[in-house]
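Lettering of chains follows the sequences in order, A, B, ..., and the numbering in each one begins at 1. Just so it is clear, the model here is predicted, and its values are computed rather than measured.
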Protein chains: 2
Amino acid sequence: MDLHRLRYFVAVAEARSVGKAAERLRMAQPPLSVQIRKLEAEVGAPLFHRGTRGMDLTEAGQALLARAGEALALAADGIEAARAVAAGRRGRISVGYMFVLANAVLPRLIPELRRSIPGVDLDFVDLSASTREARLLDRSVTVALCMPAIHHPEIQVARIGAQRFMLAMPNRSPLARLGAVPMARLQGRPLVALPPPERDPASSAVAALLRRHQIVMPIASRVETVHSAMSLVLAGEGLAILPACAKLGAPRGIVFRPLLDAADSIDIAVCWRRDSQSPLIPKFLKCAEKVVARL
Amino acid sequence: MDLHRLRYFVAVAEARSVGKAAERLRMAQPPLSVQIRKLEAEVGAPLFHRGTRGMDLTEAGQALLARAGEALALAADGIEAARAVAAGRRGRISVGYMFVLANAVLPRLIPELRRSIPGVDLDFVDLSASTREARLLDRSVTVALCMPAIHHPEIQVARIGAQRFMLAMPNRSPLARLGAVPMARLQGRPLVALPPPERDPASSAVAALLRRHQIVMPIASRVETVHSAMSLVLAGEGLAILPACAKLGAPRGIVFRPLLDAADSIDIAVCWRRDSQSPLIPKFLKCAEKVVARL
DNA sequence: CATAGGCATACCGAAATCGTATGGGTTGAC
DNA sequence: GTCAACCCATACGATTTCGGTATGCCTATG
């Protein structure tokens, strides 16, 4: 059965006349008459009373009309919805973010997105360093706000900012009295580290920093997240080298100090599947750049 | 836009593959591929990700799928509903009835109809003698349960029973002491009459009865309904000659007596538009015959 | 490097659709 | 009573669309 026919049927039912309906449909009357009879043949029952003054729905016709109208509307709405999604006027964007960035970025990013892409459902997912790649690849998130960027042939990266590494320590630590900590002072102190480089690229940046300054810090503990790291630092387990923005989520009693002779930083990037042609991605990127620029 | 295409689209989306969908649709793969691309051209955006392992909906595709599925279901449901109505499995039947018959017929008729045509909405309308014809002709009622039948070229009649005329009087009337009242005893007594024959054919049957027995009864009052007639009879305004079934709706203090030498009766009939091909009418007729037979 | 799986393209025959011309029936006016 | 007007139905030829077969391209796999 054809949507075409249903459309004709609705037109005839509304015009209560084949001729009038044909005129409104900008077609000749006979083919319309034929289509109506074909529909009746398909249903197996007359849908109209043929009077001398035009056509009048039978009860079967009324039953069909009620559904046919809705079906037509739904179909039209469907293609319109598809167009709207394709154009980025509606839809859903699922944003994966590293939790360290939450406090620094989300409070400004979310309102920015709502202003920039109203009508789009936002879905924020807290991603660990180890799952962000997989979640992008299986499309369960549309974009990821990463620190640092993901490198993968299927994944496109846009660097939107960077964060200096800082030293996190308890406020009662002797180093806390310094305005900035020389790298040399880290020698031999215990380090609260994030997962090893193969699971979290941030660690390799930290390792590179230490290696370049020929500092060796024994690893006191490995933890999964920046927040866990700060908890252990507060407990006196060791020091941590973390991106500056982690400060915003730090518990009371933790202080951050710049590293005096190290300007190393870690990239903040937006990452997405290369083949994802969602029109929302450029818009998201723009918002994210704007927000991160003001960090 | 074509419902055909939407059906193909849904099939491909569900099978996540053009080939599989083509198989399930019992058609070749290439034309299906073409149809999908035509739909995408119509929408103006890709609906599928083409991977090496098959097809995967884009977000625009998902937006369309949600509506398309419903639209298809509605359309299918619509033609099924039309068939059901045409076959009398569903629908609505609007039954006009003369109020005199209500007490005698409806309590049995309604359950009978519910058993015979479940799924059909019943709609009972109390019709006066003067409107029943118009309500049938403009299709605002499907069938009418009449006493007596309607005569009109557009209206089909099925006689399903008859009611004897009886004399209605107050129980303190001297005639009430008789088991049956001879016609001669009515001579000169005041009559509470229904509307004149041109508005209510029942009156003409009563008039014929009196004329044949050469009885003259002055008309004390004309009333619209049998129930009004009984009220006036109770008030001592006069006697009424009414169908036997009116007894069931009679107020306390009214008695009915047969007319001794008059076997006159008034037909009970089911009437409907000749051009109404509702399959519910034969079923209704059968129920009505069954119920009236037991009066 | 060869094979297999999957979608896209090209071309042809078949089917459905549309438009024009025309018929049949009823309504209403002169 | 006749005739014109109106409206739907049917017939037929022309065009468009659709489906099938053959084939090509790409990628993943062994």
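Across all strands, B:Y8 comes closer than 4.0 Å only to sugar-phosphate atoms, never to a base (heavy-atom distances).
Pairs of residues two or more places apart, or lying in two chains, never qualify as salt bridge (charged side-chain N to carboxylate O under 4.0 Å, His left out) while including a residue from residues 276-288 of chain B. For residues 20-37 of chain B, the pairs satisfying salt bridge (charged side-chain N to carboxylate O under 4.0 Å, His left out) are B:E14-B:R24, with sequence neighbours left out.
The CD1 atom of B:I160 sits 10.0 Å away from the CG atom of B:D267 when rounded to the nearest 0.5 Å.
B:F9 is linked by a ring pair (Phe, Tyr, Trp, His ring centres under 6.0 Å) to B:F48, counting only residues two or more places apart in sequence or in another chain. With sequence neighbours excluded, the residues that form a ring pair (Phe, Tyr, Trp, His ring centres under 6.0 Å) with A:H4 are A:Y8. By the ring pair (Phe, Tyr, Trp, His ring centres under 6.0 Å) test, B:H151 pairs with no residue at all, sequence neighbours left out. With sequence neighbours excluded, no residue satisfies salt bridge (charged side-chain N to carboxylate O under 4.0 Å, His left out) with A:E133.
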field: Working for side chain to side chain contact (heavy atoms under 4.5 Å, CB included), residues B:D2 and B:L6
entry: CA-CA 7 Å; B:D2 218 340; B:L6 283 187; over 6 Å; no
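The phosphate of C:dA8 has OP1 or OP2 within less than 4.0 Å of a side-chain N or O from B:R50. Using a 4.0 Å cut-off, no side-chain N or O of A:R26 falls inside it from OP1 or OP2 of C:dC18. One finds a side-chain N or O of B:S33 lying less than 4.0 angstrom from the OP1 or OP2 phosphate oxygen of C:dA8.
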Would you tabulate the side-chain donor-acceptor contacts of residues 94-101 of chain A under 3.5 Å, counting partners in other chains and residues two or more places apart, or write 'none'?
| from | atom 1 | to | atom 2 | distance (Å) |
| --- | --- | --- | --- | --- |
| A:S94 | OG | A:S140 | O | 3.3 |

Hey, can you pull the donor-acceptor pairs under 3.5 Å for the side chains in residues 67-87 of chain B, sequence neighbours left out?
| from | atom 1 | to | atom 2 | distance (Å) |
| --- | --- | --- | --- | --- |
| B:R67 | NE | A:D77 | OD2 | 3.2 |
| B:R67 | NH1 | B:A63 | O | 3.2 |
| B:D77 | OD2 | A:R67 | NE | 3.2 |
| B:E80 | OE2 | B:R89 | NH2 | 2.9 |
| B:R83 | NE | A:V43 | O | 3.0 |
| B:R83 | NH2 | A:E42 | O | 2.7 |

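In this structure a side-chain-to-backbone donor-acceptor pair under 3.5 Å is present from A:R222 to A:L194. Remark: the backbone N or O of A:A45 is not paired with any side-chain donor or acceptor of A:E40 at under 3.5 angstrom.
Regarding B:E23, its CD atom lies at a distance of 13 Å from the C1' atom of C:dG6, rounded to whole Å. Remark: C1' of C:dC7 and NZ of B:K20 are 13 Å apart, rounded to the nearest angstrom. Here C:dC7 presents its P atom at 9 Å from CG of B:L32, a figure rounded to the nearest Å.
Under the 4.0 Å criterion applied to side-chain N and carboxylate O atoms, A:R273 and A:E154 are assigned as salt-bridge partners.
Between chain B and DNA chain D, the heavy-atom contact criterion of under 4.0 Å yields a 5' to 3' nucleotide range of D:dC18 to D:dA28.
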Each nucleotide N or O in nucleotides 20-28 of chain C that has a protein N or O under 3.5 Å away: list the pair and distance.
| from | atom 1 | to | atom 2 | distance (Å) |
| --- | --- | --- | --- | --- |
| C:dT27 | O3' | A:R53 | NH2 | 3.4 |

Can you tabulate the close N/O pairs, meaning under 3.5 Å, that link protein atoms to atoms of nucleotides 12-16 of chain C?
none

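One axis for each end of the helix from C:dC1-D:dG30 to C:dC30-D:dG1, each built from five base pairs, and the angle between them comes to 20° at 10° resolution.
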